[in-house]
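The block underneath contains the structure these notes are about, expressed in structure tokens.
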Amino acid sequence: MQGVKCIKVIAVATTFLWLAGCASRGENSTMDSAKTTTPATETVAAVKVTPVVDPAVQAVIDSGKVQGTPEQIQKMLNDDLFHFSFDSAQLSDSAYKALDAKAAYLTSPQGANETIIVQGHTDERGTRTYNLALGERRANAVKNYLVAKGVNASRIQVISFGFEKPLDTAHNQAAWSKNRRAVIVMS
């Protein structure tokens with residue numbers, strides 16, 4: 001019986017101390033969550049969360065040379081494949097935009113140590129000699145554009161594979177259009 005009395009006394013004392021603590025902090029003891037605020041909630045609300053931006057993307061944004069959202073710039077930086085029309089080494093408008101982003105990064109302090117290999121590729125039509133020359137013209141079109149945008153030419157190596165490394169081995173228009181490309185490899 002004495003054990004039960006002891007437990008009751010401890011329960012009453014704990015409740016009294018809890019109520020006294022709430023009163024000393026000015027809190028409502030009725031547990032009304034709508035009226036009660038805690039310092040932890042106020043601190044969390046004051047924390048500003050900023051998204052993490054890839055340093056390469058931030059370098060392009062800081063350069064002011066390329067416009068777009070961080071997501072658009074990231075896509076342009078990741079674009080390492082540029083397609084060409086049949087028997088052409090002319091870059092497309094979308095290639096210029098992606099190359100602008102790459103040039104802005106490569107001329108920034110973050111990209112200053114990157115070296116580039118530009119690979120030129122063709123479809124299977126034509127002779128080996130002709131396609132190697134066309135692949136080189138395509139790779140040089142990419143290189144020349146990057147150099148015009150301020151990238152040091154000594155950092156860019158050009159290689160032509162002609163039709164020897166196709167993306168698609170089928171023998172049709174869809175495959176040929178995939179294989180007419182230049183690829184940038186950065187290291």
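Checked by atom type and distance alone, the side chain of Arg125 never pairs as donor or acceptor with a backbone atom of Trp176 at under 3.5 Å. At least one donor-acceptor pair under 3.5 Å links the side chain of Arg138 to the backbone N or O of His121. Remark: the backbone N or O of Ala95 is paired with a side-chain donor or acceptor of Ser92 at under 3.5 angstrom.
Side-chain contact check for Ser187 and Thr115: at least one donor-acceptor pair (N or O, by modelled atom type) lies under 3.5 Å.
The two residues Val66 and Met76 have their closest heavy-atom pair at CG1-CE, 3.6 Å. Nearest heavy-atom pair across Met186 and Ile116 is CG-CG1, 4.2 Å. Contact between Gly126 and Asn131 at its shortest, heavy atoms only, is O-ND2, 3.4 Å. Val151 approaches Ile156 most closely through the heavy-atom pair CG1-CD1, 3.8 Å.
Here Tyr96 pairs with Tyr145 under the ring pair (Phe, Tyr, Trp, His ring centres under 6.0 Å) rule; sequence neighbours left out.
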From CA spacing to verdict: side chain to side chain contact (heavy atoms under 4.5 Å, CB included), Leu99, Phe82
CA-CA 9 Å; Leu99 288 170; Phe82 307 95; 3.7 Å; yes
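Leu81 shares a hydrophobic cluster with Ile117, Ile159, Phe161, Leu167, Val183, Val185; the chain of contacts runs through ILVMFWY side chains whose heavy atoms sit under 4.5 Å apart.
Residues in residues 59-70 take part in no salt bridge (charged side-chain N to carboxylate O under 4.0 Å, His left out) pair, two or more places apart or across chains.
Dense packing is recorded around CG of Asn172, with more than 12 heavy atoms of other residues, nucleotides or ligands lying under 6.0 Å away.
In this structure, CD on Glu114 lies 11.5 Å from CD1 on Ile184, to the nearest 0.5 angstrom.
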